[in-house]
Undergrad: 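The structure is given below, and queries will be raised subsequently.
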Amino acid sequence: MVKNQSDIEIKEVYTEAKANASLPGEFPFTRGIRKNMYRGRLWTMRQYAGFSTAEESNKRYHYLLNQGTTGLSVAFDLPTQIGYDSDHAMSEGEVGKVGVAIDSLADMETLFEGIKLEDITTSMTINATASTLLAMYVALAKKQGADLSKIGGTIQNDILKEYAARGTYIYPVRPSMRIITDIFEWCSKELPKWNTISISGYHIREAGSTAVQELAFTLANGKSYVEKAIEKGLDINVFGKRLSFFFNAHNDFFEEIAKFRAARALWAEIMKDLGATDPKAMMLRFHTQTGGSTLTAQQPQNNITRVTIQALAAVLGGTQSLHTNGYDEALSLPTEEAARIALRTQQIIGHESGAASTVDPLGGSYYIESLTEELKTRAVDLMKEIDKMGGSISAVENGWMQEEIARSAYEYQKNIENKEQIIVGMNEFQVEEEGDVPAFHIDDSIRKTQSDKIAKLKSQRNQKEVDEALHNLSLACSTDENLMPHILKSVESYATLGEVADTLRNVFGEYQIS
């Protein structure tokens, strides 16, 4: 018997399947959210980048734009993600390492120097401090004289998966959910084209989940965000149009395609059940990134092939935007060469492969249709378990979701170690490797550079304005008032990211693992 990682039995041959009767652009959008999909416009080629200082990352963004990338995606360093300025003791050894260090609006200004925010869309992989980074982006747009109604992009802003899989949380679950719904409400009025959340299965999969778990846990989390927004009095037909998703693309080519198709159909049904009547509020729009955990340090050039397979699965599955990993990312941040090859992979698929010529080209395949239905069934079963616990918030707070992911990760690792799962070049087909792949390293001196910037900023800003803005933010935390105007006022006065986060910490406290 042959089974895939999700424990789904794979038949030797498929001779029939329940055909999907809907057309692309029609509920439940199994075959795609637009009638013509890539015949009208290719997916956004959004390469994830960010490292060192804002100055260095700005150079990479200009390089990527010159090479043909069609959207920017910002990676932030760990201190920025968890609300510490670069000069904080907790930041030592991490400044600029896995992303760019952004300590204040001044850094944001440098990050996008020479780039008009009205002319691009920007995705920001940021969660616990998403409100602050979004406020900095808006403050910069205002300084550029931009029309905020034209500013487009996405903040990840998905805190539930942080508790379940990734770990860059700050505050307890319920205050974090309050901040997220404040962002929903504020953006619906002030930033109507902005995607206020990217509900992320990517990191759930990176933590070791199966495709079924990635699907079920992501959609269950999405359902919780929608329910909280409805409780706040927001209109599902308005904020529902600005929800987006972020999925992983792994190596099981056909399962990944089926997963994306299943996700659209399930989400449409969830939103309809929650009261959505506008078809655009039922559409699951998603970004895809190829699987970081699938990359090997052994024979790293093999990763180019892996990334190509994964990227093609995302395209055939109907993604709206795509990031392709550099082949060297199991060793370091991607070099310029690796970043270029990754982008060229997307461009070749889009312009040379014919994959974009027709909509849902594998629709009607007995195998794809069967897998789509099986994934839907299994995901629904898992979501019912979560509903019995009271939803994703409870499933996270009691540790159930974390334990399920850990169990799957353990089983997969066992399969690798006993060679039931072959990883080419790592546990089979090994060779003696000579020479090092050129690596991209960040020097620890970056922390001093950033700390000096912070000291200079604090000596030049109007401290009275900063203190007043942070005080008002603190007071608002204890009311039902929307926090976003106060966070925006704080960053516009050049309060640092750490100062804003500490203000919220002092009121909300920090999340403690039980």
Side-chain angles (χ1 to χ4, degrees), residues 50 52-58 61 74 76-91 95-96 99-117 122 124 126 128-146 148 151 153 155 170 179 182-183 186-187 190-191 446-477 481-507:
S52 184
T53 62
E55 291 87 349
E56 291 302 311
S57 291
N58 176 262
Y61 294 158
V74 182
F76 297 97
D77 71 358
L78 282 175
T80 303
Q81 292 182 50
I82 54 178
Y84 292 120
D85 288 333
S86 296
D87 59 358
H88 194 284
M90 291 291 288
S91 300
V95 176
V100 62
I102 299 294
D103 292 310
S104 71
L105 175 57
D107 285 330
M108 188 69 79
E109 291 165 358
T110 302
L111 187 67
F112 289 98
E113 187 174 350
I115 300 170
K116 288 186 65 177
L117 301 190
T122 302
M124 293 188 277
I126 197 72
T129 55
S131 56
T132 307
L133 272 299
L134 175 61
M136 289 180 185
Y137 194 85
V138 170
L140 174 58
K142 289 169 68 176
K143 292 190 76 169
Q144 287 186 354
L148 294 187
I151 295 296
I155 44 173
I170 303 175
I179 295 170
D182 279 359
I183 293 170
W186 185 79
C187 285
E190 305 293 335
L191 216 62
I446 296 300
R447 183 173 184 237
K448 184 179 187 310
T449 300
Q450 285 298 115
S451 297
D452 290 345
K453 286 184 190 177
I454 294 170
K456 183 178 179 181
L457 175 80
K458 289 182 176 179
S459 71
Q460 294 178 339
R461 70 188 184 182
N462 185 325
Q463 191 61 42
K464 183 180 178 181
E465 282 187 12
V466 174
D467 292 342
E468 182 179 354
L470 293 174
H471 176 69
N472 290 336
L473 171 60
S474 180
L475 293 177
C477 289
E481 191 176 352
N482 194 300
L483 299 181
M484 280 303 297
H486 295 290
I487 295 172
L488 179 59
K489 182 67 175 175
S490 297
V491 302
E492 286 181 324
S493 68
Y494 289 91
T496 67
L497 173 117
E499 289 172 327
V500 172
D502 283 344
T503 300
L504 299 177
R505 277 188 183 97
N506 290 337
V507 180

Undergrad: Answer yes when Lys453 and Asp103 have at least one side-chain N-carboxylate O distance shorter than 4.0 Å, and no when they do not.
TA: no
Undergrad: For the residue pair Ile487 and Ser131, what are the closest heavy atoms and their distance?
TA: CD1-OG, 3.5 Å
Undergrad: Between atom CG of Leu473 and atom CG of Leu488, what is the distance when rounded to the nearest 0.5 Å?
TA: 11.5 Å
Undergrad: Can you confirm whether Ile151 sits close enough to Leu148 that some side-chain heavy atom of one is under 4.5 Å from a side-chain heavy atom of the other?
TA: yes
Undergrad: Kindly give the heavy-atom pair with the smallest separation between Asn482 and Met484, and that separation in Å.
TA: OD1-N, 2.9 Å
Undergrad: Given side chains that start at C-beta, do those of Thr503 and Val507 come closer than 4.5 Å, heavy atoms only?
TA: no
Undergrad: How far apart are the closest heavy atoms of Val466 and Ser493, and which atoms are they?
TA: CG2-O, 3.3 Å
Undergrad: Are any of the side-chain heavy atoms of Val95 and Asp87 separated by less than 4.5 Å?
TA: no
Undergrad: Less than 6.0 angstrom from the centroid, inside 45 degrees of the normal: does Arg505 satisfy that with respect to the ring of Tyr84?
TA: yes
Undergrad: When rounded to the nearest 0.5 angstrom, what distance separates CG in Leu133 from CG in Leu497?
TA: 6.0 Å
Undergrad: For Trp186 and Val138: C-alpha separation, side-chain torsions, deciding distance, then whether side-chain contact (heavy atoms from CB on, under 4.5 Å) applies.
TA: CA-CA 12 Å; Trp186 185 79; Val138 170; 4.0 Å; yes
Undergrad: Minimum heavy-atom separation for Ala476 and Glu481, please, with both atom names.
TA: CB-OE1, 3.9 Å
Undergrad: More than 12 foreign heavy atoms under 6.0 Å from CD of Glu55: is that the case here?
TA: yes
Undergrad: So, Asp467 and Lys464, do they make that salt bridge, N to O below 4.0 Å?
TA: no
Undergrad: If you compare all heavy atoms of Leu105 against all heavy atoms of Leu140, which two are closest, and at what distance to 0.1 Å?
TA: CD1-N, 4.0 Å
Undergrad: Counting N and O atoms only, with roles assigned by atom type, does the side chain of Ser474 sit under 3.5 Å from a partner on the main chain of Leu470, one being a donor and the other an acceptor?
TA: no
Undergrad: Can a donor-acceptor pair be found, under 3.5 Å and without considering hydrogens, that links the side chain of Asn58 to the backbone of Ala54?
TA: no
Undergrad: What's the separation between atom OG in Ser52 and atom CD in Gln450, rounded to the nearest 0.5 Å?
TA: 8.0 Å
Undergrad: Check Phe112 against Gln144 and note the closest heavy-atom contact, atom names and distance.
TA: O-NE2, 4.3 Å
Undergrad: What is the distance from atom OG of Ser91 to atom CG of Asp85, rounded to the nearest 0.5 Å?
TA: 7.0 Å
Undergrad: Could Lys456 and Asp452 be called an ion pair, given the rule that one side-chain N must be under 4.0 Å from one carboxylate O?
TA: no
Undergrad: Does the side chain of Thr129 reach to within under 4.5 Å of the side chain of Phe76, using non-hydrogen atoms?
TA: no
Undergrad: Roughly how far, to the nearest 0.5 Å, is the CG atom of Leu134 from the CE atom of Met108?
TA: 8.5 Å
Undergrad: Got a second to check how far Met136's CE is from Ile102's CD1, nearest 0.5 Å?
TA: 7.5 Å
Undergrad: Does Leu504 reach the side chain of Cys477, with side-chain heavy atoms less than 4.5 Å apart?
TA: yes
Undergrad: Does any non-hydrogen side-chain atom of Thr496 lie less than 4.5 Å from one of His88?
TA: no
